[in-house]
Student: 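After the structure tokens below, expect a handful of questions from me.
Every chain is numbered from 1, with letters handed out A, B, ... down the list of sequences. All values derive from a computational prediction rather than experimental measurement.
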Number of protein chains: 2
Amino acid sequence: MTAQVLPLDDRLPRYQQLRDLFAAAVADGRWRPGEAIPPEDSLAEQHGVAVGTVRKALAVLVTEGMLERRQGRGTFVRRGNFGNALARFFRMTDAKGRPMRPVSRILSRKVLPADAEVAEHLGVADGAPIIALTRLRLVDGAPLLFEEVHLPRDPFAALLDLPFAEFGDLLYPLYETACGRVVASARETIRFGQPPAAAAAELGIDAGVPTAIIDRIAFGFDQAPLEFRRSYGPAERFSYSIDIR
Amino acid sequence: MTAQVLPLDDRLPRYQQLRDLFAAAVADGRWRPGEAIPPEDSLAEQHGVAVGTVRKALAVLVTEGMLERRQGRGTFVRRGNFGNALARFFRMTDAKGRPMRPVSRILSRKVLPADAEVAEHLGVADGAPIIALTRLRLVDGAPLLFEEVHLPRDPFAALLDLPFAEFGDLLYPLYETACGRVVASARETIRFGQPPAAAAAELGIDAGVPTAIIDRIAFGFDQAPLEFRRSYGPAERFSYSIDIR
DNA sequence: TTCCTCTAGTCCTATAGAGGAATAGAGGTT
DNA sequence: AACCTCTATTCCTCTATAGGACTAGAGGAA
């Protein structure tokens with residue numbers, strides 16, 4: 001969480017040590033999303049290695065998705081691709097396979113102690129303070145998804161003061177701009193069951209209607225969990241598409 | 001389909017041309033799954049480039065999943081990871097999140113003309129000959145999934161003579177050993193709906209029971225579709241887990 | 001304004017080579 | 001048998017360097 005004194009491991013190859021060093025620079029905000037990092041030759045000089053070694057370290061971070069290189073321009077810390085975020089994470093498509101673009105409305109915001117399940121998913125202590133949001137996502141004015149979002153309180157405390165109207169339709173850009181956290185990957189689990197009463201009410205369906213339940217844990221560049229989210233939607237409207245490897 | 005005369009593009013960097021060359025060697029069977037390819041220095045000499053250039057080409061193919069390098073041993077054409085195939089493609093987990101290991105039984109095998117949907121997914125002409133398999137996958141003796149598998153006939157003709165008992169529990173190893181085709185990636189789409197009568201009958205459920213429907217297109221190393229599969233399973237028993245990016 | 005040229009900065013391609021690390025196998029020792 | 005040592009083979013790390021390609025911006029020409 002806090003910027004660590006570098007636990008560099010001398011047994012690792014230098015390019016791996018550099019990778020860790022650079023990743024830490026991104027993680028603790030010295031290199032910021034959207035900005036260019038120093039050019040490769042100056043990094044090489046700075047760390048007393050050959051340019052090729054720096055290039056190799058940067059190549060690792062590029063394949064890990066943390067950096068992005070543009071010939072002639074520089075090397076940039078990747079910002080969450082919010083143009084693509086829907087395509088990457090919100091893979092609900094309509095009957096014709098087109099991605100749907102939901103509008104979002106925050107319904108509630110509370111600080112609660114984490115229950116056992118949320119604590120495990122977020123990797124925090126049982127009972128640790130959690131921000132719990134509920135929100136509704138609508139397409140063409142019709143409610144499509146009811147979501148319960150859980151965030152560790154401290155890193156996301158900035159969200160506690162934000163008026164609901166300013167949350168916008170996507171949370172990940174907000175995590176970046178308001179809290180400096182970038183979502184780099186996620187794990188989703190889909191199953192099928194019945195919605196809790198609150199979800200059914202907001203969705204305007206009977207509690208007995210078959211419902212798709214999607215659990216998602218979102219991770220930062222350091223693979224630490226940032227968010228746990230559970231989403232409910234009517235099963236007949238649901239279609240989920242994914243490319244594997 | 002047939003081995004092409006190399007359409008090497010001189011405008012591409014040499015390492016990309018080499019990549020294409022090496023990929024073609026795998027695709028047309030000169031380099032075979034599980035076997036080692038020539039060492040990097042001999043490839044370099046053979047093609048008149050520096051070793052570093054060969055290494056770069058091979059690195060691309062490693063990240064694409066076609067090759068695998070082992071220090072001190074060599075560079076190998078990757079074989080479908082059948083130990084991991086379940087983990088990679090068959091992501092149904094039980095209520096506790098453990099992957100389930102189904103047993104398979106082939107129910108039927110026919111050669112049919114492709115209908116419009118199958119033809120599109122497989123990238124073949126409408127009405128082209130297709131091998132259509134149905135099979136049942138069981139866990140602990142109970143039917144869990146009913147599957148309709150569609151394959152282009154000619155590349156998979158070897159399956160037409162194989163007794164059902166010799167199909168085994170997984171098809172992908174069979175595609176490799178019997179037909180020389182390796183599944184490298186796949187796209188899945190999940191939705192919920194109602195099963196066709198045949199599926200409901202084999203699964204022992206009512207036709208009205210909510211059912212998970214998974215469509216999968218499996219691709220070879222060259223991104224060409226190899227198989228189209230549609231699977232049906234009772235929704236309450238279903239849970240699907242996926243890592244994103 | 002619009003277009004062109006030039007330049008500085010940056011990443012990309014490619015080469016060459018030295019030394020290290022991991023593996024497999026041969027052969028010897030206990 | 002079990003273990004060790006030695007060697008050949010192979011991939012890995014790292015250095016050093018040269019020229020090319022792409023971008024952005026400054027300045028001048030039409």
Side-chain angles (χ1 to χ4, degrees), chain A residues 6 8-23 25-26 30-79 81, chain B residues 6 8-23 25-26 30-79 81:
Chain A
L6 315 164
L8 276 193
D9 189 336
D10 278 349
R11 297 166 300 183
L12 253 36
R14 290 200 216 181
Y15 78 91
Q16 289 286 7
Q17 297 180 42
L18 286 175
R19 187 221 83 100
D20 293 347
L21 220 48
F22 298 158
V26 173
R30 295 201 311 283
W31 293 350
R32 310 160 78 97
E35 291 182 5
I37 72 172
E40 49 187 22
D41 54 355
S42 90
L43 288 173
E45 192 184 11
Q46 203 178 124
H47 294 95
V49 298
V51 182
T53 306
V54 170
R55 284 183 64 75
K56 193 156 180 177
L58 295 177
V60 173
L61 290 168
V62 168
T63 64
E64 289 177 6
M66 183 181 284
L67 299 179
E68 196 169 8
R69 317 198 75 190
R70 290 180 234 160
Q71 189 177 359
R73 299 196 52 201
T75 302
F76 298 81
V77 180
R78 196 148 152 225
R79 31 186 358 137
N81 249 9
Chain B
L6 316 164
L8 277 193
D9 189 337
D10 279 350
R11 297 165 301 182
L12 254 36
R14 291 201 214 181
Y15 79 91
Q16 289 287 6
Q17 296 180 43
L18 285 175
R19 188 222 81 100
D20 293 347
L21 221 47
F22 298 160
V26 173
R30 295 200 311 281
W31 293 351
R32 309 161 79 96
E35 290 182 5
I37 72 172
E40 48 187 23
D41 54 356
S42 89
L43 287 173
E45 193 184 10
Q46 201 177 126
H47 294 95
V49 298
V51 181
T53 307
V54 169
R55 285 183 64 74
K56 193 157 181 179
L58 294 176
V60 172
L61 290 168
V62 167
T63 65
E64 289 177 6
M66 185 181 283
L67 299 179
E68 198 169 9
R69 316 198 74 189
R70 292 181 232 159
Q71 189 177 357
R73 299 195 54 202
T75 303
F76 298 81
V77 180
R78 199 152 148 222
R79 31 187 357 139
N81 253 9

Student: Taking the minimum atom-to-atom distance to the side chain of A:Tyr15, which one of D:dT23, D:dA21, D:dC14 wins?
Tutor: D:dC14

Student: Quick one: sort the B:Phe22 and B:His47 rings into parallel, tilted or perpendicular, breaks at 30° and 60°.
Tutor: perpendicular

Student: For B:Ile37, which of B:Leu61, B:Val26, B:Leu58 qualifies under side chain to side chain contact (heavy atoms under 4.5 Å, CB included)?
Tutor: B:Leu58

Student: Without swapping roles, check the side chain of A:Arg78 against the backbone of A:Glu68 for a donor-acceptor pair under 3.5 Å.
Tutor: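 Answer holds: no.
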
Student: Does the structure show a Watson-Crick or G-U wobble partner for C:dA16, both distances under 3.5 Å? Name it, or say none.
Tutor: D:dT15

Student: Applying a 3.5 Å limit to both distances, which nucleotide forms a Watson-Crick or G-U wobble pair with D:dA29?
Tutor: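 The base-pairing partner of D:dA29, which may sit in any strand shown, is C:dT2.
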
Student: Using only side-chain N and O atoms of B:Thr75, determine if any of them is under 4.0 Å from OP1 or OP2 of D:dT10.
Tutor: no

Student: C:dA24 phosphate, OP1 or OP2: any side-chain N/O from B:Arg73 under 4.0 angstrom?
Tutor: yes

Student: Side-chain N or O of A:Arg70 less than 4.0 angstrom from OP1 or OP2 on D:dA24?
Tutor: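 Indeed not, no polar side-chain atom of A:Arg70 lies that close.
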
Student: Roughly how many Å is it from CZ in B:Phe76 to C1' in D:dC11, rounded to a whole number?
Tutor: 11 Å

Student: Taking the side chain of B:Gln71 as heavy atoms from C-beta outward, which of C:dA14, D:dC14, D:dC12 is closest to it?
Tutor: D:dC12

Student: The side chain of A:Arg69 is closest to which nucleotide in this list: C:dC11, D:dC12, D:dT10?
Tutor: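 My answer, after comparing the listed nucleotides, is C:dC11.
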
Student: Which residues in residues 44-62 of chain B have at least one heavy atom lying under 4.0 Å from any atom of DNA chain C?
Tutor: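 Of all residues in residues 44-62 of chain B, the ones placing a heavy atom under 4.0 Å from DNA chain C are B:Val49, B:Ala50, B:Thr53, B:Lys56.
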
Student: Quick one: closest heavy-atom pair of A:Phe76 and A:Gly34, and the distance?
Tutor: CD2-O, 3.8 Å

